[in-house]
Amino acid sequence: MPDQNREVRPGPTLGTVLAGDETLTVPAGWVRLKPGDPGLTRRVKKAGPTWTLSEWRNRKLYSLGVYAPLERIEALQAELAVERADPAYAKKQARAKTRRDVEQSAYVEDFRGAIEAFLAFAPVHQAIAARVAQAIANHATPVGSGTVARTKRIPIERRAEAATIAWLRHATTGYDSMHIARLKGERREVRRMLAEQSRKLLSLYRRGVAIAPDACLLQQGLGRRG
């Protein structure tokens, strides 16, 4: 019986996983608990060793569930079902949801303000700044979106800057339709180049340069991604 938690990837054959360069056989009596019930997954992990299965796809890490003893999963499922049938559980969940919704609304507003502070547009362009900031905040802040806005590892000011540059890359450049060579570092270099292009665009609005509506890349970007 395995006695330690592991982070694993799908293996080459049915019933196997990869842990680093090692191929492991899923222990007898273990099954995969698929994603979808975070409460149950937390309990299964807390109750004993598990193998957490995930896979990289298109530069994003996707959870595929956890392997654990079937007996443990079934016992915890039954325990959780009893708790969830209690009216007190529903009330507790409702209170928790209300609290999360309030916290999320406050964060979206804080993040929008951080974006506007980063944009720092001249007064003549404040209207477009507000629209751009709201569009970026709406896109970047949803829970589970996996964007830089959801990380707590860097200050909110840096999150706002990174989210803005990412939005501009997709909304005001041809990045989404670019053919980028599959060479090491090539995509990173393209993004660096486009980031500089975006910063130059922002400087026009910060200086208050007059920009005709039909030449405003931000207006066009809002039309595509607003």
Side-chain angles (χ1 to χ4, degrees), residues 35 38 54-63 97 100-226:
S54 57
E55 183 178 39
W56 285 96
R57 299 174 190 163
N58 299 320
R59 301 186 300 282
K60 290 184 67 176
L61 187 63
Y62 289 87
S63 170
K97 182 180 184 304
R100 290 193 301 270
D101 289 346
V102 170
E103 291 173 350
Q104 171 66 2
S105 295
Y107 179 61
V108 172
E109 183 58 24
D110 288 346
F111 196 72
R112 186 201 60 75
I115 294 170
E116 279 208 58
F118 170 68
L119 292 174
F121 284 1
V124 68
H125 293 308
Q126 278 304 299
I128 188 75
R131 291 180 60 202
V132 168
Q134 191 64 62
I136 297 172
N138 290 345
H139 170 77
T141 57
V143 176
S145 62
T147 68
V148 68
R150 299 309 314 180
T151 183
K152 294 184 179 179
R153 292 176 296 177
I154 59 176
I156 190 171
E157 294 80 9
R158 286 180 57 196
R159 285 177 247 162
E161 177 180 354
T164 299
I165 296 301
W167 187 88
L168 290 170
R169 180 172 64 245
H170 292 285
T172 67
T173 76
Y175 178 75
D176 290 340
S177 59
M178 281 184 180
H179 174 72
I180 301 175
R182 292 180 174 273
L183 300 174
K184 185 177 180 180
E186 184 68 14
R187 184 170 295 275
R188 185 182 304 111
E189 177 59 23
V190 169
R191 288 188 172 192
R192 185 201 63 77
M193 177 189 69
L194 294 179
E196 288 304 309
Q197 181 177 314
S198 294
R199 292 181 190 280
K200 290 179 180 178
L201 174 65
L202 293 179
S203 71
L204 299 177
Y205 293 84
R206 288 167 177 161
R207 299 200 313 268
V209 174
I211 301 172
D214 60 353
C216 179
L217 292 180
L218 297 184
Q219 292 276 15
Q220 295 170 20
L222 286 168
R224 288 191 290 270
R225 299 178 64 87

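If you read the sequence from its start, that first residue is 1, and numbering goes on from there.
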**Q** For F121, is there any backbone N or O sitting under 3.5 Å from a side-chain donor or acceptor partner on Q126?
**A** yes

**Q** Distance from R191 atom CZ to S198 atom OG, nearest 0.5 Å?
**A**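 It comes to 12.0 Å.
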
**Q** Got R199 and I165 here, is their nearest side-chain heavy-atom distance under 4.5 Å?
**A** yes

**Q** E161 vs R158, test: salt bridge (charged side-chain N to carboxylate O under 4.0 Å, His left out). Steps then yes/no.
**A** CA-CA 5 Å; E161 177 180 354; R158 286 180 57 196; over 6 Å; no

**Q** Using modelled atom types only, decide if a donor and an acceptor are shared between the side chain of H125 and the backbone of R207 within a distance under 3.5 Å.
**A**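 No; judged by distance alone, with no hydrogens or angles, the pair does not exist.
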
**Q** Is any side-chain heavy atom of L222 less than 4.5 Å from a side-chain heavy atom of I128?
**A**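 Yes. Closest side-chain heavy atoms under 4.5 Å.
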
**Q** Measuring from F111:CZ to E157:CD, what's the distance to the nearest 0.5 Å?
**A**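 If I round to the nearest 0.5 Å, the distance is 10.5 Å.
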
**Q** Closer than 3.5 angstrom, by distance alone: can the side chain of Q220 be matched with the main-chain N or O of D214 as a donor-acceptor pair?
**A** yes

**Q** Please answer whether the main-chain N or O of D101 pairs with a side-chain N or O of S105 as donor and acceptor at a distance below 3.5 Å.
**A**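 Yes, because the side chain of S105 sits within donor-acceptor range (under 3.5 Å) of the backbone of D101.
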
**Q** Specify the closest pair of heavy atoms between I180 and E186, including all atoms of both residues, with the distance to one decimal.
**A** CG2-CG, 3.6 Å

**Q** How close do A140 and A149 get, counting heavy atoms only, and between which atoms?
**A**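 Heavy atoms only, the tightest pair is O-CB, 3.3 Å.
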
**Q** Return the CG to CG distance between L204 and L217, rounded to the nearest 0.5 Å.
**A**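 If we round to the nearest 0.5 Å, L204:CG and L217:CG are 9.0 Å apart.
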
**Q** How close do I115 and A137 get, counting heavy atoms only, and between which atoms?
**A**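 Result for this residue pair: CD1-N, 3.8 Å.
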
**Q** Does atom CZ of R206 have more than 12 heavy-atom neighbours, drawn from other residues, nucleotides or ligands, at distances under 6.0 Å?
**A** yes

**Q** Can you check salt bridge (charged side-chain N to carboxylate O under 4.0 Å, His left out) on R100 and E103, steps first, answer last?
**A** CA-CA 5 Å; R100 290 193 301 270; E103 291 173 350; over 6 Å; no

**Q** Please name all residues satisfying side chain to side chain donor-acceptor pair (under 3.5 Å) with R150, sequence neighbours left out, ordered by chain then number.
**A** Q104

**Q** Short question: side chain of R224, backbone of A171 - any donor-acceptor pair under 3.5 Å?
**A** yes

**Q** Between E116 and R112 (salt bridge meaning N to carboxylate O under 4.0 Å), is one present in this structure?
**A**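 Counted as a salt bridge, because a side-chain N and a carboxylate O are separated by less than 4.0 Å.
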
**Q** When you measure from the side chain of T172 to the backbone N and O of L218, does any donor-acceptor pair fall under 3.5 Å?
**A**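 Side chain of T172 to backbone of L218: no pair is present.
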
**Q** Supply the atom-to-atom distance E189 CD to L194 CG, rounded to the nearest 0.5 angstrom.
**A**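 Between atom CD of E189 and atom CG of L194 there are 10.0 Å.
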
**Q** Looking at every heavy atom in both C216 and Y205, which two are closest together, and how far apart are they?
**A**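 Shortest heavy-atom separation between C216 and Y205 comes out as SG-OH, 2.9 Å.
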
**Q** Side chain to side chain contact (heavy atoms under 4.5 Å, CB included) between R187 and Y175: does it pass, once the steps are laid out?
**A** CA-CA 10 Å; R187 184 170 295 275; Y175 178 75; 2.8 Å; yes

**Q** How long is the straight-line distance from OH of Y107 back to CD1 of I156, given to the nearest 0.5 Å?
**A** 5.0 Å

**Q** From L201 CG over to T173 OG1, what is the distance, rounded to the nearest 0.5 angstrom?
**A**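 If we round to the nearest 0.5 Å, L201:CG and T173:OG1 are 10.5 Å apart.
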
**Q** Got I154 and V148 here, is their nearest side-chain heavy-atom distance under 4.5 Å?
**A**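 Answer yes - side chains close enough.
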
**Q** Whether the Q197 and R169 side chains hold a donor-acceptor pair (N or O, under 3.5 Å, no angle test) is what I'd like checked.
**A**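 No donor-acceptor contact under 3.5 Å links the two side chains.
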
